[in-house]
Amino acid sequence: DRTKAGPTGAQALRAVQHLGPQQSALQNIQTTFTVDPNSLPIDLGGSIKYHAVGQAQATVDLGAVGASDVAVHGGRVTVRVPAAQLDPPVVDDSQSGAVGRNRRLLQDAELSLSDVQSQVQQQLSDAAQAQGVPAAAQQLATQRVRAVLRRLGFTTVDVSSAGS
């Protein structure tokens, strides 16, 4: 009798893929760093401290789970999900800028945010990693996979991520 065999690997795969991209909640992030003077179009004659403020989130694309990532053994299913990817941080330009005595230097030089944008993005990305934004997305995706597969009828659900 087919019903006693329990859910199949194909059913598990479809259920997981159907969840699609799972995003962590937006998290506020901020960091203060010294701008790399070599990256600037002009020499400002000193170091510049920059305070960057923004928001970040990460995504786990469960739609990318493939058949080789799902293994079924009776009532037990093992799923490997992709590692969380940090989305590009959203910079809050109104709260970001040079700090301290260098603020005037930056304004006088007519340096714009675009001149330091790549450093701001990198610093906020690093801060988001350190703050655990990707880990939050990974945890969310794992919880959703477990829930959908338990509803499907699996008694044991093991979820790992590709990065671990």
Side-chain angles (χ1 to χ4, degrees), residues 1-36 38-39 49-97 99 113-164:
D1 181 24
R2 185 77 191 112
T3 55
K4 283 197 173 87
T8 66
Q11 289 170 317
L13 177 62
R14 275 195 306 277
V16 171
Q17 287 175 337
H18 187 71
L19 291 169
Q22 298 294 307
Q23 287 187 309
S24 65
L26 274 174
Q27 291 190 33
N28 293 321
I29 47 174
Q30 55 184 305
T31 184
T32 302
F33 64 98
T34 302
V35 175
D36 174 8
N38 300 326
S39 70
K49 286 258 185 247
Y50 197 91
H51 184 69
V53 178
Q55 290 187 314
Q57 66 182 13
T59 303
V60 176
D61 185 5
L62 296 176
V65 172
S68 64
D69 297 318
V70 178
V72 173
H73 306 285
R76 175 188 207 107
V77 61
T78 303
V79 182
R80 189 175 62 236
V81 299
Q85 299 300 312
L86 191 62
D87 300 341
V90 176
V91 181
D92 182 345
D93 296 339
S94 69
Q95 293 188 57
S96 298
V99 291
L113 180 64
S114 64
D115 293 320
V116 292
Q117 187 70 38
S118 65
Q119 288 180 69
V120 169
Q121 287 281 340
Q122 186 59 55
Q123 293 290 331
L124 286 175
S125 290
D126 292 350
Q129 287 281 0
Q131 209 170 296
V133 173
Q138 206 75 53
Q139 187 176 10
L140 175 72
T142 297
Q143 289 169 345
R144 298 239 166 106
V145 167
R146 282 196 178 115
V148 77
L149 293 176
R150 286 208 174 101
R151 280 197 303 270
L152 205 55
F154 289 102
T155 52
T156 306
V157 180
D158 293 322
V159 182
S160 65
S161 65
S164 59

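In what follows, every heavy atom counts, from backbone to side chain, and hydrogens, waters and symmetry copies are set aside.
- Between Arg150 and Val157, the closest heavy-atom pair is CG-CG2, 3.9 Å.
- The main-chain N or O of Gln23 is never found under 3.5 Å from a side-chain atom of Gln57 such that the two would form a donor-acceptor pair.
- The heavy-atom pair separating Leu62 from Val16 by the smallest distance is CB-O, 3.6 Å.
- Note that CD of Gln139 and OG of Ser24 are 11.0 Å apart. Values are rounded to the nearest 0.5 Å.
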Step by step, work out the side chain to side chain contact (heavy atoms under 4.5 Å, CB included) result for Gln85 and Asp61. CA-CA 9 Å; Gln85 299 300 312; Asp61 185 5; over 6 Å; no
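- Closest approach of Leu124 and Gln30 over heavy atoms only: CD2-CA, 4.3 Å.
- Nearest heavy-atom pair across Val72 and Gly9 is CG2-CA, 3.5 Å.
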Show the atom names and distances, to 0.1 Å, of all donor-acceptor pairs under 3.5 Å that link a side chain in residues 125-133 to residues at least two apart or in another chain.
unit_1, atom_1, unit_2, atom_2, d
Ser125, OG, Gln121, O, 3.0
Asp126, OD1, Gln122, NE2, 2.8
Gln131, NE2, Asn28, O, 3.0

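- In this structure, Thr59 contributes its side chain and Pro21 its backbone to no donor-acceptor pair below 3.5 Å.
- For Gln11 (side chain) and Thr8 (main-chain N/O), a donor-acceptor pair under 3.5 Å exists by modelled atom type.
- Nearest heavy atom pair, residue Phe154 against residue Ala12, reads CE1-CB, 3.8 Å.
- The backbone N or O of Ala83 sits nowhere less than 3.5 Å from a side-chain atom of Ser161 that would complete a donor-acceptor pair.
- Interatomic distance, Asp158 CG to Thr142 OG1, rounded to the nearest 0.5 Å: 11.0 Å.
- What you find for Ser96 and Val91 is that their closest heavy atoms are OG-CG1, 3.8 Å.
- Between Phe33 and Val120 the shortest side-chain heavy-atom distance falls below 4.5 Å.
- The CG atom of Asp36 sits 5.0 Å away from the CD atom of Gln119 when rounded to the nearest 0.5 Å.
- With contacts defined as side-chain heavy-atom distances shorter than 4.5 Å, the pair Val60/Gln138 qualifies.
- Residue Arg76 qualifies as open at atom CZ: its count of foreign heavy atoms under 6.0 Å is 12 or below.
- Using a 4.5 Å heavy-atom cutoff, the side chains of Asp69 and Val81 are not in contact.
- With a 4.5 Å cut-off on side-chain heavy atoms, Pro134 and Leu86 count as touching.
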